[in-house]
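Working notes, structure below.
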Amino acid sequence: MEAAAASGGPSGPRRAVEQLSAAVGQRTKALGSALQESHRQRRLLLVIVCVALLLDNMLYMVIVPIIPDFVATLDREARHRQGAPQQPPPPPAPNGSGAWPGNASKPLLRPRYPPDNDDLKIGVLFASKAILQLLVNPLSGTFIDRVGYAIPLFIGLSVIFLSTVIFAFAENYATLFVARSLQGLGSAFADTSGIALLADKYTEESERNRALGIALAFISFGSLVAPPFGGILYYFAGKRVPFLVLASISLFDGLLLLLAIKPFGDRSRDNMPVGTPIHRLMIDPYIAVVAGALTTCNIPLAFLEPTIANWMSKTMGANEWEMGLTWLPAFFPHVLGVYITIKLADKYPHLQWFYGALGMVIIGASSCTVPACRNFWQLVVPLCGICFGIALVDTALLPTLAFLVDVRYVSVYGSVYAIADISYSVAYALGPIVAGEIVHSFGFVKLNLGMGLVNMLYAPVLLALKNICKMKPSHSERNILLDEEPKGLYDTIKMEERAGKGGKLHPVGGVVENSVDSYHRDFRGASEEDSSGEDYT
């Protein structure tokens with residue numbers, strides 16, 4: 001008995017561990033099977049992409065209330081080392097959190113920039129992200145078309161995580177510049193592949209509009225909530241805490257991506273068609289019109305962000321809280337604009353061009369009224385109008401890019417959304433550097449009138465998109481999947497997805513695919529023969 005007890009004693013705990021391991025293994029398998037279901041996986045991917053876009057835009061704007069104080073502190077220390085006279089620095093932060101010198105005496109939310117040479121330093125720092133993103137996007141779009149969407153998204157999240165950690169521990173301007181530039185590199189991969197992934201997974205036009213609209217809402221939320229988020233944490237917890245919080249979220253999002261679709265073990269890309277080269281998409285007249293609209297509609301936002309706080313201080317004596325919360329109320333009309341555009345696009349899909357044109361008119365009118373405002377609450381109205389108009393333009397035209405690729409080229413979306421990202425980057429690269437010089441040379445009033453006039457003049461250009469709904473799809477990957485037997489893994493997967501949805505493709509205009517043959521092509525630059533000759537790997 002004792003020998004049996006002695007020999008059988010350890011078997012009890014061992015058996016319990018084995019049972020626990022088996023239970024965990026079964027739970028993991030069940031979770032993996034659930035994640036592989038098409039409907040659930042699409043929802044999870046939507047969450048992953050939205051979090052990635054939220055992180056990128058929060059990191060873009062969270063430095064607004066932090067960086068000016070740090071740059072000013074660096075200048076004070078440099079003057080002190082050189083023996084130049086300076087004012088005594090304010091007392092250190094009482095919280096002992098390792099905040100930068102002068103943190104306790106600084107306002108909670110301070111988007112204003114320090115005077116003199118600090119303006120140029122901060123302008124270059126803010127623009128470096130968009131400039132590098134602008135340079136990398138042509139390469140990242142081609143890379144995404146070649147390897148798929150998941151791997152570039154993971155690379156982008158990894159680089160964003162690295163840049164956020166560098167921000168947290170940076171102690172000089174050069175390190176900040178490296179961190180900001182790295183963020184541009186990560187954004188070129190994460191933003192483009194994320195939006196392209198949604199366009200690829202949501203093939204029905206109504207679902208695609210809804211998914212991209214949700215993504216745009218997260219972009220808006222990240223941009224508008226980041227300054228108060230960064231200012232509050234910076235004031236109470238020190239400069240590292242905002243960046244460490246964002247780094248933790250980025251790490252979690254990357255791990256969730258690995259769990260959801262296993263990007264490095266996915267072989268579905270092996271038989272996917274080769275995407276159209278980005279240089280061919282750039283010269284497409286319809287895509288060029290959309291890209292120009294995306295750049296033009298974002299110019300007021302990009303140019304006002306670095307200049308409006310100074311103007312508020314001079315003209316209306318705004319306090320720090322008002323300057324810090326200037327853009328926060330605009331989040332709600334932006335979300336409202338996304339919602340309205342999605343609903344209208346479901347009922348009247350052939351008017352996507354009109355929603356974009358209307359948005360540009362609203363942006364132009366709102367921009368022209370900004371200089372007439374004399375207090376904070378008056379200013380909120382045109383700023384809300386600008387963000388509402390941007391929501392109309394983005395929500396209407398981003399799905400239009402995917403539709404244009406579907407009917408004129410091969411349904412691979414990395415390069416076309418790299419062009420969209422380039423359009424945004426042009427506006428945000430010029431804003432921090434050019435806007436200040438324009439205000440200095442011509443004045444704040446002329447800056448706003450010019451931006452408003454440019455948007456209003458561009459709105460009629462979107463009439464060129466009026467009849468794209470009547471286009472007959474070219475002999476691209478879409479037709480091959482619908483009209484022929486599947487030739488490989490990618491074709492089979494796509495046919496099963498479309499068969500599971502129980503419907504055919506619905507063009508933006510709601511017009512059947514074989515209608516209006518005479519309107520097959522308006523421009524010679526992208527003929528059917530061009531798009532029908534795409535190779536397959």
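Everything quoted here is computed from the prediction, not taken from an experiment. Each residue takes its place number in the sequence, starting with 1. What you see below is based on every heavy atom in this structure, not just the backbone, and it leaves out hydrogens, waters and symmetry mates.
- For L246, the side chain to side chain contact (heavy atoms under 4.5 Å, CB included) partners are L55, M58, L59, V62, T164, F229, not counting sequence neighbours.
- Take S220 and apply the side-chain hydrogen bond (donor to acceptor under 3.5 Å, both in side chains) test, not counting sequence neighbours, and it matches H334.
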With side chain to side chain contact (heavy atoms under 4.5 Å, CB included) as the criterion, how do T326 and M312 come out once you've worked through the C-alpha distance, each side chain's angles and the decisive distance to 0.1 Å?
CA-CA 10 Å; T326 302; M312 290 174 65; 3.4 Å; yes
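- Interatomic distance, OG of S423 versus CG of L294, reported as 5.0 Å (0.5 Å rounding).
- Between D284 and R408, some side-chain heavy-atom pair lies under the 4.5 Å cut-off.
- Under the side chain to side chain contact (heavy atoms under 4.5 Å, CB included) criterion, A215 pairs with C50, L53, I195, L198, not counting sequence neighbours.
- Of the inter-residue distances, the one linking L132 atom CG with F177 atom CZ reads 8.5 Å to the nearest 0.5 angstrom.
- For L430, the side chain to side chain contact (heavy atoms under 4.5 Å, CB included) partners are F303, V426, V434, not counting sequence neighbours.
- Shown here are the side-chain hydrogen bond (donor to acceptor under 3.5 Å, both in side chains) partners of T296, two or more places apart in sequence or in another chain: there are none.
- In this structure, the ring pair (Phe, Tyr, Trp, His ring centres under 6.0 Å) partners of F221, at least two apart in sequence or on a different chain, are F331.
- Among residues at least two apart or in separate chains, ring-ring contact (aromatic ring centres under 6.0 Å, His included) pairs with a member in residues 426-469 are Y60-Y428, W311-F444.
- Using a 4.5 Å heavy-atom cutoff, the side chains of Y409 and L404 are not in contact.
- For I166, the side chain to side chain contact (heavy atoms under 4.5 Å, CB included) partners at least two apart in sequence or on another chain are L162, T175, A179, L182.
- Applying the ring pair (Phe, Tyr, Trp, His ring centres under 6.0 Å) criterion to F376, with sequence neighbours excluded, gives no partner residue.
- Between N57 and F218, the closest side-chain pair of non-hydrogen atoms is not below 4.5 Å.
- Screening residues 47-62 for salt bridge (charged side-chain N to carboxylate O under 4.0 Å, His left out), with sequence neighbours left out, gives D56-K129.
- Using a 4.5 Å cut-off on side-chain heavy atoms (C-beta onward), N448 and M451 make contact.
- Counting only heavy atoms from C-beta outward, the side chains of Y413 and Y149 approach each other to under 4.5 Å.
- Considering only residues two or more places apart in sequence or on other chains, F143 meets the ring pair (Phe, Tyr, Trp, His ring centres under 6.0 Å) condition with F189.
- Among residue pairs with one or both ends in residues 387-397, those qualifying as side-chain hydrogen bond (donor to acceptor under 3.5 Å, both in side chains) are D394-Y424; sequence neighbours excluded.
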